[in-house]
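What's counted below: heavy atoms across the whole structure, side chains too, no hydrogens, waters or symmetry copies. The shown structure was predicted, so the numbers you read here are calculated from the model rather than taken from an experiment.
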Amino acid sequence: MPLIVIDGVADASLENVDPGDIESITVLKDGAAEAIYGIRGSEGVILITTKKGKTGKSVIEYNVYSSAETVAKNTPMMNSTEWRAMSKETGYGTDFGENTNWFKQIEQTAISQVHNFSMSGGTEKTSYHASVNYRSGDEILIYTGYSQLNGGINISQKALKDKLTLDMNLRATERKSQFGFAEAFHYAAIFNPTAPVRSTDPQYAIYDGYFQQLLFDYYNPVAFMELDKNEGLKRIFNMSLKGNYKIINGLAIDAIYSQQGINQTDDKYFSKYDYWGGMNTNGLASRQQDNSSNRLFESTIHYNGDLASLLNLNLLGGYSYQDYVNEGFFAQGGNFLTDDFSFNNLAAALDFKNGKGTITSYKNSNKLIAYFGRVNLNINNIWFISTSLRYEGSSKLGADNKWGLFPALGTGFYLIRPKGTGFINTLKLRADYGVTGNLPYESYLSLDILGPQGNIFYNGNFIPGYSISNKANPKLKWERKGEFNLGLDFSLFKSRLSGSFDIYTRTAKDIIYQYYDYVSGSYFSYSENKGKLRSTGMEVTLNYN
């Protein structure tokens, strides 16, 4: 997925920004623009700027809207009349006397609502922007939907005769979700349309009164949608503090520190009455929690000035440090005395007392360190030259290849400078080349990792056995993607029609490939760089005002 950069914070969570708080979005697609982001720029970069306070009177805004969604058409299946005609013709099937549309039983009109409230304002020294956003929505499937509360505040303060500018951002999101079970659509399509949803017949008491036939892969979809639970809770918090100090006119230094935490809990419970999921285990509960955090410190020094009347120079140099920590656990157990505990009292599952429960946990971390620089030249607003270089290292890579270089070079030339009259208002030719990378998807893949491999009998007892689950590769390095792009930007008819035409070639080398092997009774994974992939294409963009 692309790298998300929000207000200068790399790898920030897009889920932590409400669309109503976004001021602008810029998408970097070509290799030269992405190269300044190094290892993480291979799949594109999305730059997001949030709304800030402005000098002047205070502004209060409130926006609200609601929507409704319904199913336009379901997969055509037999209704009860058609089913009875088929049964009469073939002599197969049991008519239970009902007329049930199973799709209508599991579908609903999905209502959603959005509320955005914001306040902003400021003086020449201080500005602020604060917002609270609430969203909720149902899905088409019953017992599915979400509610989300999001809030953020940005404060900007100038000091030291306006040479120093401090920006503080705080943002938090809480999202509660009901995921339901998508399998309900499958069983709604195949369940007998003459069957009832529920029955008072005592033989169905073991299913809490829901109708059920004992057939292979054949379950009452309403039963498990109403009896079972599949829920989630996600909390995201982000804090950043940025300072910018103007040393002299055109020369400034800045630094940013940010910290982000994401905590997610997923809970499931399958009722002891549910023939689909929980009856065989007398109720089954599970809870999974995943926590991730990352810290970023980045400092840059930049200069922007005219070397001559027709020559402008823009310089940037910087250092970046970012670390990540991921941890979590999973627990699952069955055999409950009652469904009332759901997934909120796993200790009530007798599976744990009987040694049948499952508990796993994990924790991993990785670091990124980079030094980078960029030079931009503007010659008479006609010819533009840009070059950048990033030297970056990651702890995910092998001991022999921790660091890599990511260069880029680009140029642009106005064949026709922007103007307001004539048939062709603007015509600009561009060419650039850049190198980006891609990291292994997990930490420690370059190292030997021990993992459980069943039990062994030792000294009269069975004890857990361990063996190599991942084989070390000290030569493991980042994937390398080089991209050449040739483009043409234009605007016509007093700039009413504008667009661009691009031709690109991408070559990915040292693609990270993971495979599994079996040696001496044990499975293990191994990651290495092998293979090459080349792709070419063109892109046309048109805008008409």
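Under a 3.5 Å cut-off, the side chain of Lys54 and the backbone N or O of Lys52 do not form any donor-acceptor pair. Checked by atom type and distance alone, the side chain of Thr265 never pairs as donor or acceptor with a backbone atom of Leu233 at under 3.5 Å. A donor-acceptor pair is defined here as one N or O able to donate and one able to accept, closer than 3.5 Å; such a pair exists between the side chain of Lys402 and the backbone of Leu397. Between the Asn314 side chain and the Asn376 main chain, no donor and acceptor come within less than 3.5 Å of each other. Judged by distance alone, the side chain of Glu392 and the main-chain N or O of Ile39 form a donor-acceptor pair under 3.5 Å. No donor-acceptor pair under 3.5 Å is formed between the side chain of Thr144 and the backbone N or O of Gln178. A donor-acceptor pair under 3.5 Å links the side-chain atoms of Asn150 to the main chain of Asn16, judged by distance alone. With Arg390 contributing its side chain and Ile36 its backbone, the two residues share a donor-acceptor pair below 3.5 Å. Panel note: side chain Ser156, backbone Ser127; no donor-acceptor pair is recorded below 3.5 Å. A distance-only check finds a donor-acceptor pair linking the side chain of Asn230 to the backbone of Gly180 [under 3.5 Å].
Atoms CG and CZ, from Leu409 and Phe484 in turn, are 10.5 Å apart once rounded to the nearest 0.5 Å. A distance of 11.5 Å separates OG of Ser258 from NZ of Lys242, quoted to the nearest 0.5 Å. Rounding to the nearest 0.5 Å gives a distance of 11.0 Å between OG of Ser240 and OH of Tyr257. Considering CD1 of Ile449 and NZ of Lys471, their distance stands at 14.0 Å, rounded to 0.5 Å. Interatomic distance, NZ of Lys234 versus CZ of Arg175, reported as 8.5 Å (0.5 Å rounding). Interatomic distance, His129 NE2 to Ser118 OG, rounded to the nearest 0.5 Å: 4.5 Å.
Among Lys477, Lys532, Lys530, the single residue meeting the salt bridge (Lys or Arg N to Asp or Glu O under 4.0 Å) criterion with Asp510 is Lys477.
Residue Arg430 comes nearest to Asn485 through the heavy atom pair NH1-ND2, 3.6 Å, listed as atom of the first residue, atom of the second, then distance. When all heavy atoms are compared, the tightest approach of Ala32 to Tyr433 is CB-O, 3.9 Å. For Ala408 against Thr387, the heavy-atom pair with the smallest separation is O-OG1, 3.1 Å. Nearest heavy atoms, Asn470 versus Tyr444: ND2-O, 3.8 Å. The nearest pair of heavy atoms linking Leu486 to Ala431 is CD1-CB, 3.9 Å. The shortest non-hydrogen separation linking Gly487 to Asp502 is CA-OD2, 3.6 Å.
Looking at Gln260 and Val9, their side chains never come closer than 4.5 Å, going by heavy atoms from C-beta outward. You'll find the side chain of Leu149 reaches within 4.5 Å of the side chain of Val132, heavy atoms only. The closest side-chain heavy-atom distance from Glu43 to Leu3 is not below 4.5 Å. Side-chain contact between Tyr134 and Ser147 is present, with heavy atoms from C-beta onward closer than 4.5 Å. Side-chain contact between Asp11 and Leu296 is absent, with no heavy atoms from C-beta onward closer than 4.5 Å. Inter-residue side-chain proximity for Ile140 and Glu69 is flagged as met; some heavy-atom pair is nearer than 4.5 Å. Side-chain atoms of Ile48 and Leu14, non-hydrogen and from C-beta on, do get closer than 4.5 Å to each other. The shortest side-chain heavy-atom distance between Phe330 and Tyr362 does not fall under the 4.5 Å cut-off.
Residue-environment remark: CH2 (Trp403) exceeds the threshold of 12 foreign heavy atoms within 6.0 Å. No more than 12 heavy-atom neighbours from other residues, nucleotides or ligands sit within 6.0 angstrom of NZ on Lys363. Shown here is Asp162, whose CG atom has more than 12 heavy atoms of other residues, nucleotides or ligands within 6.0 Å. In the displayed structure, Asn545 atom CG is contacted under 6.0 Å by at most 12 heavy atoms of other residues, nucleotides or ligands.
Phe372 does not carry Arg374 over the face of its six-membered ring by the limits of under 6.0 Å from the centre and within 45° of the normal. Relative to the six-membered ring of Tyr324, Lys396 misses at least one condition, a distance below 6.0 Å or an angle of at most 45° to the axis.
We find that Arg295 and Asp323 are joined by a salt bridge, their nearest charged nitrogen and carboxylate oxygen being less than 4.0 Å apart. Taking 4.0 Å as the cut-off between side-chain N and carboxylate O, Glu483 and Lys481 count as a salt-bridged pair. Of the charged side-chain nitrogens involved, none lies within less than 4.0 Å of a carboxylate oxygen, so that Lys51 and Asp21 do not count as a salt-bridged pair. A salt bridge does not link Glu231 to Lys229: none of the charged side-chain nitrogens sits closer than 4.0 Å to a carboxylate oxygen.
Aromatic ring pairs are classed by plane angle as parallel below 30°, tilted from 30° to 60° and perpendicular above 60°; the pair Trp478 and Phe406 is tilted.
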side-chain contact (heavy atoms from CB on, under 4.5 Å) between Asn529 and Ile512, worked out:
CA-CA 5 Å; Asn529 301 94; Ile512 299 172; 3.6 Å; yes
Derivation and outcome, side-chain contact (heavy atoms from CB on, under 4.5 Å), residues Phe490 and Ile424
CA-CA 8 Å; Phe490 60 88; Ile424 302 177; 5.8 Å; no
Starting from the C-alpha separation in whole Å, work towards a yes-or-no answer on side-chain contact (heavy atoms from CB on, under 4.5 Å) for Val17 and Thr173.
CA-CA 8 Å; Val17 180; Thr173 299; over 6 Å; no
Determine, step by step, whether Asp18 and Asn116 satisfy the side-chain contact (heavy atoms from CB on, under 4.5 Å) criterion, reporting the C-alpha distance in whole Å, the side-chain angles of both residues, the deciding distance to 0.1 Å, and the verdict.
CA-CA 9 Å; Asp18 190 88; Asn116 304 116; 3.1 Å; yes
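Side chains of Asn304 and Asn312: a donor-acceptor N/O pair is present below 3.5 angstrom, by distance only. Neither side chain, Tyr414 nor Asp489, offers a donor N or O lying under 3.5 Å from an acceptor on the other. Side-chain atoms of Gln288 and Asp290 form a donor-acceptor pair, as typed in the model, at a separation below 3.5 Å. A side-chain donor from one of Asn294 and Gln322 sits under 3.5 Å from a side-chain acceptor of the other. A donor-acceptor pair shorter than 3.5 Å cannot be found between the side chains of Ser527 and Asn473. Side-chain N/O atoms of Ser395 and Asn366 include no donor and acceptor closer than 3.5 Å.
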